[in-house]
Amino acid sequence: MRQLSIILFLTISTALLGQNANKIQEIIQLGDEWKFDEAIELIKSEISIDPENPELYYWLGRYSHYKVSDTRPFPVNSDLWSREQVLKPLQKAVELNPDYGDAKYFLAAEYGSRAVEALRIGDVDQYRQELLDAKSWGGFPLHAIEHGKNVLKSCDPNSILIVDGDAHTNILQYLQVIEGYRKDVSVIVLAYIERPFYIKLIRDGVPGIYKPVPINMNDNLIMEMHDYRWRENDVIIPISEQTREKYMLNDTVTYFKWHIKPDNGKKTLRTGTAMLINIVETNKWVRPVHYIWYGYRDLNGLKNNMQIKGLTAEIFPTSVKGTNLEYDTEKFESIMFNPENYIDYPDIAINNQPRASGSFGDLSRRRIFEYAIYLYLNGEIEKSTEVLNKMIELMPPEYFSLPRDIEHSVENGLKYVAEYRAGMNKQKLSELVSAGKSIDEIITFIQTENKKKSKYDLSESGINMFGYSLKNEGKNEEALMIFKLNTELYPKGSNTYDSYGECLLLLGQKEKAIEAYKKSLELNPKNTNAENIIKNNK
């Protein structure tokens, strides 16, 4: 009887789980169709049946947030509505499941929206409190804070930083306002620059909170902001002598030509784009202007003007794409390859917020991966491989898996680079051997090339592979010379003597072969291959 009860319980439980999953899918489908009212009513109905399901509270808070923040004007948008319909269900989801990362993300998003609203009406104390509340509910985990700091570290002093999306906007607000980190940087949020109150706010600044941005628009012009009629055209911005000196431009560069296409239909320019033009035009490169989302969403007409400095790129007054100015190499490497900037990266596995953490982890890895490609295309093959390996070392996939495209590219990239270098290595060493170069001359070449960070693979394993390629082609005498060369270049390499001994034995030079195997065994007592060959040839 007891066994029958257990089976019955498991059967009913499984059926209920299946029904819940189907309802959740139905709710998500409604949300995907932007039928938020229907989705919310269905969620509330399901909560009355299953009041301890954190997923239901999560979707209720999320769709309530969308209803206010991302659709048409919502007349019931108030502090009380936000607390009851958005914050409360999301908080309930976290209380029921403390590891619910996406619920924490949407709490941070809602608190971030409330913070901006508080700043709009001039309530600085409430602005701070909203950000503190977001932190207290787990909205800003350690890995997010570290990533935000790395973004700000990428900015030059006194910069203007253009960002997009809740994830970066909110963590940067928290760092600057609550922790006081890099308050010299003025953050501009693309999602807000079409709103008159926001343009006024960043133009005028907020003492102790926000450093003003140069905008040449009075209140009347701001209130009349709209999408502007536009045909593909150039905006011409004069370049001063000070700017030429700052960016080391020659005297012939007297103006910046910004080619801008309509971006809201065939003959219209978005309000936000017009505002960015005004900011760059008014600023005249007095303050550095940085952008975080380069490579994902290019700023209109500025694709070729981004000098990459880490997690941000600075807008240059001249094209840098494809030149030696495309990267600020020293700054990029000091930020992206500094282990101290990844101390809290393992937290991404503990406090993962799928909606945001992927952005943080993948952005850093994409920046490094793109740098590896840049190096490769510029002939720095060995360094390109080192950079790919460094990326894996700093941000191990076991903490946060690589997206498929990066994983595939890294694997193929490493393989391709290795094959390319092996081919170049074989070709070059073959030329030297065919030219009748002596061992000393070949050693001199290799040592010289190493100093230049050669594009050839002249490592111990690289030379050994070349020796075996000769051996496999039946060129045993040439292979023997290469293996002998490797023992002289790398006298502490057990494998070099093992390969040298193998080739000697093949050529019938038994005594010399045994000496080589003995040396290999001396360097590596665990070399059972050498041990067995020595025993069998006594």
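Remember, it's a predicted structure, so these values are computed and weren't measured experimentally.
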Show me the pairs that pass side-chain hydrogen bond (donor to acceptor under 3.5 Å, both in side chains) and involve residues 344-355, at least two apart or across chains.
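Found Tyr66-Arg355, His143-Asp347, Asp347-Asn351, Asn352-Ser357.
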Sort and list the pairs that fulfil side-chain hydrogen bond (donor to acceptor under 3.5 Å, both in side chains) and have at least one residue in residues 188-198, not counting sequence neighbours.
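Non-adjacent pairs meeting side-chain hydrogen bond (donor to acceptor under 3.5 Å, both in side chains): Glu194-Arg270.
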Rounded to the nearest 0.5 Å, what separation is found between the [atom1] atom of [X] and the [atom2] atom of [Y]?
{"X": "Ile171", "Y": "Lys135", "atom1": "CD1", "atom2": "NZ", "value": "8.5 Å"}
{"X": "Gln176", "Y": "Ser186", "atom1": "CD", "atom2": "OG", "value": "7.5 Å"}
{"X": "Leu152", "Y": "His168", "atom1": "CG", "atom2": "NE2", "value": "10.0 Å"}
{"X": "Glu340", "Y": "Asn150", "atom1": "CD", "atom2": "CG", "value": "11.0 Å"}
{"X": "Tyr127", "Y": "Leu131", "atom1": "OH", "atom2": "CG", "value": "5.5 Å"}
{"X": "Cys155", "Y": "Ile292", "atom1": "SG", "atom2": "CD1", "value": "8.0 Å"}

Val189 and Ile202: CA distance, side-chain angles, deciding distance, side-chain contact (heavy atoms from CB on, under 4.5 Å) verdict:
CA-CA 10 Å; Val189 183; Ile202 64 175; over 6 Å; no
Under 3.5 Å, is there a donor-acceptor pair linking the side chains of [X] and [Y]?
{"X": "Glu232", "Y": "His259", "result": "yes"}
{"X": "Glu38", "Y": "Tyr63", "result": "no"}
{"X": "Asn278", "Y": "Glu281", "result": "no"}
{"X": "Asp263", "Y": "Thr273", "result": "yes"}
{"X": "Gln91", "Y": "Glu95", "result": "no"}
{"X": "Asn338", "Y": "Lys153", "result": "no"}

Short side-chain to backbone donor-acceptor contact, [X] and [Y], under 3.5 Å:
{"X": "Lys183", "Y": "Lys211", "value": "no"}
{"X": "Gln307", "Y": "Ile315", "value": "no"}
{"X": "Trp137", "Y": "Leu87", "value": "no"}
{"X": "Arg287", "Y": "Asn158", "value": "yes"}
{"X": "Asn170", "Y": "Asp166", "value": "yes"}
{"X": "Thr282", "Y": "Ile279", "value": "no"}
{"X": "Glu146", "Y": "Leu142", "value": "no"}
{"X": "Tyr371", "Y": "Ile308", "value": "no"}
{"X": "Thr271", "Y": "Asp227", "value": "yes"}
{"X": "Asn341", "Y": "Ile335", "value": "yes"}

Smallest separation among heavy atoms of Ser154 and His290, with atom names:
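Smallest heavy-atom distance, with atoms named: O-CE1, 3.4 Å.
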Any idea which heavy atoms bring Val86 and Gly61 closest together, and the distance?
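Where Val86 meets Gly61 most closely, the heavy atoms are CG1-O, 3.7 Å.
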Is atom NZ of Lys246 surrounded by more than 12 heavy atoms (other residues, nucleotides or ligands) closer than 6.0 Å?
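Yes.
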Looking at Glu33, I want to see if its CD is surrounded by more than 12 non-hydrogen atoms of other residues, nucleotides or ligands under 6.0 Å.
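Yes, because the 6.0 Å sphere around CD of Glu33 holds more than 12 heavy atoms from other groups.
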What's the verdict on side-chain contact (heavy atoms from CB on, under 4.5 Å) for Ile145 and Tyr174, showing C-alpha distance, side-chain angles and the deciding distance?
CA-CA 9 Å; Ile145 291 173; Tyr174 171 80; 4.1 Å; yes
Under the side-chain contact (heavy atoms from CB on, under 4.5 Å) criterion, do Met395 and Ile368 qualify, and how do the steps go?
CA-CA 11 Å; Met395 292 169 282; Ile368 294 176; 3.6 Å; yes
If the threshold is 4.0 Å, N to carboxylate O, is there a salt bridge linking [X] and [Y]?
{"X": "Arg367", "Y": "Glu370", "value": "yes"}
{"X": "Glu393", "Y": "Lys390", "value": "yes"}
{"X": "Lys23", "Y": "Glu26", "value": "yes"}
{"X": "Glu117", "Y": "Arg120", "value": "yes"}
{"X": "Asp79", "Y": "Arg83", "value": "yes"}
{"X": "Arg365", "Y": "Asp362", "value": "yes"}
{"X": "Arg114", "Y": "Asp133", "value": "no"}

Partners meeting side-chain hydrogen bond (donor to acceptor under 3.5 Å, both in side chains) with Thr243 (sequence neighbours left out)
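side-chain hydrogen bond (donor to acceptor under 3.5 Å, both in side chains) check on Thr243 returns Ser240.
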Does [X] reach the side chain of [Y], with side-chain heavy atoms less than 4.5 Å apart?
{"X": "Gln126", "Y": "Ile121", "value": "no"}
{"X": "Ile222", "Y": "Arg203", "value": "yes"}
{"X": "Leu299", "Y": "Met306", "value": "yes"}
{"X": "Trp230", "Y": "Thr268", "value": "no"}
{"X": "Leu60", "Y": "Ile47", "value": "yes"}
{"X": "Tyr247", "Y": "Thr318", "value": "no"}
{"X": "Trp81", "Y": "Ser64", "value": "yes"}
{"X": "His147", "Y": "Ile348", "value": "no"}

Stepwise side-chain contact (heavy atoms from CB on, under 4.5 Å) check, Val213 with Asn283
CA-CA 8 Å; Val213 169; Asn283 180 58; over 6 Å; no
Check step by step if ring-ring contact (aromatic ring centres under 6.0 Å, His included) holds for Phe316 and Trp285.
CA-CA 8 Å; Phe316 246 57; Trp285 281 277; 9.1 Å; no
Using the ring of each side chain (for Trp, its six-membered ring), is Phe106 parallel, tilted or perpendicular to Tyr58, with breaks at 30° and 60°?
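Phe106 vs Tyr58 ring planes: perpendicular.
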What orientation do Phe332 and Tyr327 show, parallel under 30°, tilted 30 to 60°, or perpendicular over 60°?
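It falls in the perpendicular class, over 60°.
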For Asp99, all residues meeting side-chain contact (heavy atoms from CB on, under 4.5 Å), sequence neighbours excluded
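Partners of Asp99 under the side-chain contact (heavy atoms from CB on, under 4.5 Å) test: Asn97.
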Under the rule for side-chain contact (heavy atoms from CB on, under 4.5 Å), what residues qualify as partners of Pro397, not counting sequence neighbours?
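Ile392, Leu402.
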For Asp156, give me all partners under salt bridge (Lys or Arg N to Asp or Glu O under 4.0 Å), at least two apart in sequence or on another chain.
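With neighbours one apart ignored, the set is Lys309, Lys331.
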Would you confirm whether the ring centroid of Tyr228 sits within less than 6.0 angstrom of the ring centroid of His226?
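Between Tyr228 and His226, which both carry aromatic rings, the centre distance is below 6.0 Å.
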